[in-house]
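Please read the structure below before turning to the comments.
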Amino acid sequence: MGSSSLDTELAVLERDHLQLLLDILGKRGYRVVGPTVRDRAVVYDDLASVTDLPVGWTDEQDGGIYRLKRRNDGALFGYAVGPDSWKKFLHPPVVRLWRDKTGGNGFQLVEEDEGVPRFAFIGVRPCELHAIAIQDKVLLNGKYRDPSYEARRQGLFVLALNCGHAGGTCFCASMNTGPKATFGFDLALTEVLEADRHYFVVEIGTELGAEILREVPHKAASQAEKATAEGIVAKTAGQMGRRMYTTGIKDLLYRNYESPHWSDVAKLCLTCGNCTMVCPTCFCTTVEDVTDLAGEHAERWRKWDSCFTMDFSYIHGGSVRASPMARYRQWMTHKLATWIDQFGTSGCVGCGRCITWCPVAIDITEEVNAIRRSERGS
Amino acid sequence: MAQARKPKLAVWKFASCDGCQLSLLNCEDELLAVAGHIDIAYFPEASRAMAKGPYDLSLVEGSVTTPHDVELIQRVRRVSKYLVTIGACATAGGIQALRNFKDVQEFVSIVYAMPEYIETLATSTPIADHVRVDFELRGCPINKEQLLEVISAFLHGRKPNVPPHSVCIECKRRGIVCVMVAHGTPCLGPVTQAGCGAICPAYHRGCYGCFGPQETPNTDSLSKWWSHLGVKDQDLVRAFRTFNAWAEAFREESIAHEK
Ligand code: SF4
Ligand code: SF4
Ligand code: SF4
Ligand code: SF4
């Protein structure tokens, strides 16, 4: 991204001017989406104004537990990631791929042309920038590009947010994906709350970001303001709720394909699929062909799928991964090991969602520890 | 697909509340389409049509609870090319299968003034315990979109899109905030088959399990988590012993928590 004409100096945007920035994005035709509180969680949805943000909210997270809590300040981004990820916009859970328009006279396929909006994402966390980059690799960089993803991904505006609060299940620091945004954004903010002042230190990532920033009141950041922002991110890095020991992780999992530990975790695993649904990098889908009663109209729909279902590995004669043990092993080995061979990166960015949103608190970091322990025979 | 002869549909009732048949009647607009493409040959609930079999597709509602039912279901099977059961009663014995855990003669003697007129079996059992079933559609009541999907699929000789995975998957696809994780509300979604569209979580309620066990239900692990949320054994028995009490996974789990 870094074009040489970019202003590499950091800027400062006062909290009260953030609304102007959202307005400008709206005027430029973006569909502005970001964090908001619904049903006692921070989810991603359309934002009309700064007041739609989770003002003064934070969360407590642990395995299988998420609780929204009040903060004692007016922070706009003082929470850790919730159940939604941006894949709900870029790689939606349910899309129609095509329909047949002939009404029974032969077959003429009409590809879906949904008139996809241009999105502006507000408050994208560093781990999520990595997750988007990973989905780009999977869905755009191979021989076959996903047109639905591509249409949504093109023209995306990203306002990133360096983390000032690490959640109880976060471990981006161990995955080298946060808590500071290093690429993939147009503008990146660090939120600073002081006794009598609330502002953002802004880093410019692209020419477009610079252009948009020029339209709102801002000034150059002082040394003190820069230092404050750095301090916030450094403090967050020290507050990770979880830690993943990644040394030799690929070989560890390849070596332990037959580890008895997989049966232990299978006793707990509900094969419910929640972990794959909330994971910002999981991309698997299934297709369903439907017809109407008359048999005159056909459609093909694509839906998020999960390697925890039996149908996922169903081939002639049955499911390849019939046991929950095989399915849990597939998920974890794919995230942390085979993904590396397949796409050149880890499939895990350390966001912690699979830990928080697993209904029975199965913890991917703990499972890695357990495999390491079982190898040492202790 | 011009068809010389419209396929014949029959709808049969065994022990049930009629709710599932009503789902078919509830299809208002779609029902016209159904009637346009299918000859609704036998549907006492909806019409006087009582055309004789054989039928291309029989939808069977209700469970087997009387000696008469035992005979009738054999006859239904003989006159049906495809037999699809609809709802928790036909598929798992229904709420009336609660009798299976007790002595039914005792109920009969208490409830009825003249118990000698009551001819009933000791158990309420699903249709598949008696005859071969081609497809079981879950739900209490069934979901009308799924019903239309099953009818279309059978009419066109394809597999119905009725996934046997958990409710959680459709809950997450809808973007519903998990009531168990975010609110601490016990939810049966992880062990229950999808199909309802995660209605209860959408209204901030835990899933009641009315679609019965999912394909690989880990009821033991979920029960342990519920206990951790403060649910007592007797309430675990109740949770698993509702619409699908006699479905194997739910039955065994409820028995495990009975003192
Ligand atoms: S595997 Fe878990 S922690 Fe890693 S990216 Fe996916 S949801 Fe986040
Ligand atoms: S972990 Fe499972 S659902 Fe996720 S990408 Fe891999 S195979 Fe697909
Ligand atoms: S690990 Fe947890 S979230 Fe994932 S399938 Fe198993 S029980 Fe469900
Ligand atoms: S609310 Fe219930 S059905 Fe939905 S994800 Fe949570 S446990 Fe599963």
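Naming: A, B, ... by sequence-line order, numbering from 1 per chain.
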Seminar exercise, completed: Looking only at B:Asn218, B:Leu222, B:Ile151, B:Asp220, the option with the highest number of non-hydrogen pairs under 4.5 Å against chain A is B:Asn218

For this session: Sort out for me which of B:Pro160, B:Cys168, B:Gly36 touches chain A most, counting heavy-atom pairs under 4.5 Å.
Result: B:Cys168

Exercise. Non-hydrogen atoms of chain B under 4.5 Å away: do they reach the side chain of A:Asp45, the backbone, both or neither?
Worked result: neither

Problem set entry | Residue pair B:Thr219 / B:Phe250, side-chain heavy-atom distance below 4.5 Å | yes

Exercise. Side chain, backbone, both or neither: which part of B:Arg174 has an atom under 4.5 Å from a heavy atom of chain A?
Worked result: neither

Problem set entry | Under 4.5 Å from any heavy atom of chain B - which part of A:Arg327 | side chain

Seminar exercise, completed: Checked B:Met180, B:His183, B:Lys172 vs chain A; the most non-hydrogen pairs under 4.5 Å come from B:His183

Seminar exercise, completed: Applying a strict 4.5 Å limit to non-hydrogen atoms, the region of A:Asp292 in contact with chain B is backbone

Exercise. Under 4.5 Å between any side-chain heavy atoms of A:Ile364 and A:Trp331, yes or no?
Worked result: yes

Problem set entry | Pick from A:Cys358, A:Gly64, A:Pro83 with the largest number of heavy-atom pairs that fall under 4.5 Å of chain B | A:Gly64

Problem set entry | No-hydrogen, no-angle side-chain donor-acceptor test under 3.5 Å, A:Ser148 and A:Arg152 | yes

Problem set entry | Contacting region of B:Glu149 [heavy-atom separation from chain A under 4.5 Å] | side chain

For this session: Starting from the C-alpha separation in whole Å, work towards a yes-or-no answer on side chain to side chain contact (heavy atoms under 4.5 Å, CB included) for B:His165 and A:Phe312.
Result: CA-CA 10 Å; B:His165 58 60; A:Phe312 187 90; over 6 Å; no

For this session: Pick whichever of A:Asp305, A:Val43, A:Asp289, A:Asp59 has the most heavy-atom pairs under 4.5 Å with chain B.
Result: A:Asp289

Exercise. Between A:Gly82, A:Ser306, A:Pro359, which shows the greatest number of heavy-atom pairs under 4.5 Å with chain B?
Worked result: A:Pro359

Exercise. Are A:Arg70 and A:Trp57 in a cation-pi contact, defined as NZ or CZ under 6.0 Å from the six-membered ring centre and within 45° of the axis?
Worked result: yes

Problem set entry | A:Thr291 portion near chain B, given a 4.5 angstrom heavy-atom threshold | both

For this session: Go through the atoms of A:Val290 and report whether side chain, backbone, both or neither lie under 4.5 Å from a heavy atom of chain B.
Result: both

For this session: May I ask you to name which of A:Met277, A:Met310, A:Arg40 has the most heavy-atom pairs under 4.5 Å with chain B?
Result: A:Arg40

Seminar exercise, completed: Partner of A:Phe89 under ring pair (Phe, Tyr, Trp, His ring centres under 6.0 Å), picked from A:Tyr44, A:Phe121, A:Tyr149, is A:Phe121

Problem set entry | Salt-bridge present (B:Asp39, B:Lys8; N to O < 4.0 Å) | no

Exercise. Side chain, backbone, both or neither: which part of A:Lys267 has a heavy atom under 4.5 Å from chain B?
Worked result: backbone

Exercise. Do you know which of A:Leu268, A:Thr286, A:Ile65, A:Val278 has the most heavy-atom pairs under 4.5 Å to chain B?
Worked result: A:Leu268

Exercise. Is any NZ, NE, NH1 or NH2 atom of the basic residue among A:Arg242 and A:Asp62 found under 4.0 Å from an Asp or Glu carboxylate oxygen of the other?
Worked result: yes

Seminar exercise, completed: A:Arg31 and A:Asp46 have their tightest heavy-atom pair at NE-OD1, 2.8 Å

For this session: Verify the distance criterion only: is there a donor paired with an acceptor across the side chains of B:Ser254 and B:Arg241 at less than 3.5 Å?
Result: yes

Problem set entry | Contacting region of A:Val360 [heavy-atom separation from chain B under 4.5 Å] | both

Problem set entry | Contacting moiety of A:Thr356, where chain B heavy atoms sit under 4.5 Å | both

Exercise. Are B:Arg132 and B:Asp134 within salt-bridge range, i.e. N to O under 4.0 Å?
Worked result: yes

